[in-house]
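For reference, the structure is listed below as C-alpha cells.
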Amino acid sequence: MSASQIVQGRQHTPGHALADVFFAAERQYYRVKSLRTQALRTFHRPKQQIRANLQTDTSGEARELCKFHLKQQLVGVNRGIFGIKAAKTEAIDTLLSELQQSAVGQHPTDDLAQLSGKWNLLYTSLVIKGARKTKLGLREFISLGDFEQIIDTESKTATNRVHFSVTGLGNLSGSLTIVAKFEPVSTTRFQITYESAALVPKALERLFAGNYDMLLSIFNPEGWLDITYVDDTHRIGRDDKGNVFYLQRS
C-alpha cells in the first residue's frame, strides 16, 4: 500500500496529524527526486543531438534544452566578467552559437516590442582583468553586482546599469548608469549612440574619480550591436568590439 493510500484511508483526527505531515513530506521528496532525475538525463544528452534538433525545432523543446545546458555552464562564472578558463569559454560559446542556429530568419528590428522591458546580464565575453581590474579596485574592496538593461522602444533608449558594493566604507553601494540611443540599421543590427552616464552616490563618484574614463570605456555601449537571438525569456547580442552578451528577461 502506498503512502497516499494510507493517508486517504486514515481518519483525520488530531492524533494522526503528525503522520499526515510525514506522508505529505515523503510524497514531495519523491516528486523532487523524480524531477531531478529527468533533468540529469536531459543534461547528459549528447550535444550532437541538441544541434540536430535545433535545426528542425518547431516546438521549442530543443531551444529550452540548449538554454538548460547554458544555465549549467554558467554556474559560478560571475557572468564571465573577470575571465574564465578557456575550456569553459569554449563550451559556453558553442552553446550560444547552437542557440543562434534556431534564430535563422529572425528580424528583431522589425518587432521592437519583443526587446522592450528589463533584462539581466547572465554572461558576457567582455572581460575586466590585469591593470584595469587593479586600478578600479575590483581585486580587493569593490565588488560588481547585477548588470541590468532597460529598453524603452518608444523613445529608442537603452539604460544600462551596473551595481557596485564597496567593503570598508560602511558597506557603500551604488551604480553606474549609462543611457544610449539606438536605431535599426538592418534586420538584426542596431546603431548605438552614447547619451549620458552617472555614478551614484557621490561617494562612489569620488572613489572612481581618478579612473572614471577607464570605467566608462569598459561599459560604454557605443557602436553597433547585432541581436543574434531573441525569444520571450532570453536574448543574445554581439557588438562591434567582438563581445557577446547573453541576457535574461526580468
Side-chain angles (χ1 to χ4, degrees), residues 43 63-64 66-100 103 115 117-151 158-167 171-180 190 192 197 199-200 204 207-208 211 214-223 225-250:
F43 178 74
R63 289 192 297 274
E64 293 305 312
C66 193
K67 288 189 286 186
F68 173 82
H69 280 271
L70 273 166
K71 183 178 180 180
Q72 298 297 315
Q73 289 289 344
L74 294 176
V75 172
V77 304
N78 192 19
R79 292 170 292 267
I81 194 71
F82 296 129
I84 54 180
K85 292 182 178 180
K88 174 72 76 172
T89 299
E90 183 179 358
I92 293 171
D93 287 347
T94 297
L95 287 167
L96 289 172
S97 296
E98 289 174 357
L99 188 57
Q100 287 172 168
L115 304 174
K118 184 178 178 182
W119 301 79
N120 285 329
L121 181 69
L122 299 180
Y123 171 78
T124 179
S125 60
L126 185 158
V127 175
I128 305 173
K129 59 182 180 180
R132 295 196 304 178
K133 186 175 180 181
T134 301
K135 289 181 178 180
L136 293 173
L138 297 173
R139 289 188 185 277
E140 300 174 355
F141 59 96
I142 300 177
S143 300
L144 293 177
D146 290 338
F147 290 59
E148 302 169 345
Q149 183 180 70
I150 301 172
I151 295 181
T159 302
N160 301 314
R161 184 169 292 116
V162 184
H163 293 270
F164 299 89
S165 60
V166 185
T167 58
N171 292 322
L172 173 68
S173 61
S175 63
L176 169 68
T177 300
I178 298 177
V179 179
F190 293 89
I192 313 296
L199 266 171
V200 293
L204 190 65
L207 186 63
F208 281 114
N211 295 297
M214 179 189 297
L215 182 69
L216 191 59
S217 70
I218 293 172
F219 295 108
N220 186 352
E222 187 158 277
L225 178 74
D226 282 334
I227 303 299
T228 55
Y229 176 87
V230 62
D231 64 21
D232 292 340
T233 60
H234 291 80
R235 194 179 92 222
I236 301 172
R238 296 182 182 271
D239 69 11
D240 58 335
K241 305 169 188 70
N243 300 313
V244 61
F245 304 90
Y246 181 52
L247 302 96
Q248 182 176 37
R249 188 182 294 278
S250 297

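The first residue in the sequence is number 1, and the count goes up from there. No hydrogens, no waters, no symmetry mates; every other heavy atom, side chains included, goes into these values. As the structure is a prediction and not an experimental result, all values here were calculated from the model.
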Within a strict 4.5 Å, meaning less than it, do heavy atoms of the [X] and [Y] side chains meet?
| X | Y | result |
| --- | --- | --- |
| Leu215 | Leu136 | yes |
| Thr177 | Asn160 | no |
| Ile236 | Gln100 | yes |
| Thr89 | Asp93 | yes |
| Leu126 | Ile218 | yes |
| Leu121 | Val162 | no |
| Phe245 | Ile227 | no |
| Thr159 | Gln149 | no |

Whether the side chain of [X] engages the backbone of [Y] through a donor-acceptor N/O pair (distance < 3.5 Å, no angle test) should be reported.
| X | Y | answer |
| --- | --- | --- |
| Asn211 | Lys135 | yes |
| Asp226 | Thr228 | no |
| Arg161 | Ser175 | no |
| Asn78 | Gly80 | no |
| Ser125 | Val244 | yes |
| Arg249 | Arg235 | no |

Discussion item. For a side chain to side chain contact (heavy atoms under 4.5 Å, CB included) check, start with the C-alpha distance between Phe190 and Leu115, then their side-chain angles and the critical distance, and finish with the verdict.
Written reply: CA-CA 12 Å; Phe190 293 89; Leu115 304 174; 3.6 Å; yes
Worksheet entry | Parallel, tilted or perpendicular: ring planes of Tyr246 versus His234, cut at 30 and 60 degrees | parallel
Discussion item. Using the rule given for side chain to side chain contact (heavy atoms under 4.5 Å, CB included), can you reason through Leu247 versus Leu122, listing the C-alpha separation, both sets of side-chain angles and the distance that settles it, and then say yes or no?
Written reply: CA-CA 5 Å; Leu247 302 96; Leu122 299 180; 5.9 Å; no
Discussion item. Is there a side chain to side chain contact (heavy atoms under 4.5 Å, CB included) between Val77 and Leu74? Walk through the geometry before answering.
Written reply: CA-CA 6 Å; Val77 304; Leu74 294 176; 4.0 Å; yes
Worksheet item: With distance as the sole criterion, is a donor-acceptor pair present between the side chains of Asn120 and Glu148 under 3.5 Å?
Response: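 Glu148 and Asn120 do not have a side-chain donor-acceptor pair below 3.5 Å.
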Worksheet entry | Between Asp231 and Thr233: side-chain donor-acceptor atoms closer than 3.5 Å |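 Judged by distance alone, the side chains do pair up.
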If you look at every heavy atom in [X] and [Y], which pair is closest and at what distance?
| X | Y | answer |
| --- | --- | --- |
| Lys67 | Leu99 | CG-CD2, 3.9 Å |
| Ala197 | Ile178 | CB-CG1, 4.1 Å |
| Glu98 | Cys66 | CB-SG, 4.3 Å |
| Arg139 | Thr134 | NE-OG1, 2.5 Å |
| Leu144 | Arg79 | O-NH2, 3.6 Å |

Practice prompt. Count the heavy atoms belonging to other residues, nucleotides or ligands that lie under 6.0 Å from NZ of Lys129, then report whether that count exceeds 12.
Written response: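 12 or below, so no.
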Item to complete: Look up atom OG1 in Thr94 and atom CG in Leu70, then write down how far apart they are to the nearest 0.5 Å.
Response: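 Going from OG1 on Thr94 over to CG on Leu70, the span is 10.0 Å.
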Fill in: Spacing of CD1 belonging to Ile92 relative to OG belonging to Ser97, to within rounding of 0.5 Å
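Between Ile92 CD1 and Ser97 OG, I get 11.5 Å after rounding to 0.5 Å.
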Worksheet entry | Test side chain to side chain contact (heavy atoms under 4.5 Å, CB included) applied to Arg238 and Asn243, step by step | CA-CA 6 Å; Arg238 296 182 182 271; Asn243 300 313; over 6 Å; no
Item to complete: Dump the intermediate steps for side chain to side chain donor-acceptor pair (under 3.5 Å) on Gln73 and Lys88, then the final yes or no.
Response: CA-CA 7 Å; Gln73 289 289 344; Lys88 174 72 76 172; 3.2 Å; yes
Item to complete: With Lys133 as the cation and Phe82 as the aromatic partner, state whether NZ or CZ is under 6.0 Å from the six-membered ring centre and within 45° of the axis.
Response: yes
Practice prompt. Using the test side chain to side chain contact (heavy atoms under 4.5 Å, CB included), find all partners of Asp240 that sit at least two apart in sequence or belong to another chain.
Written response: Trp224
Worksheet entry | Aromatic contact, Phe164 with Phe208 (centres under 6.0 Å) |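 Ring-ring flag for Phe164/Phe208: true, centres closer than 6.0 Å.
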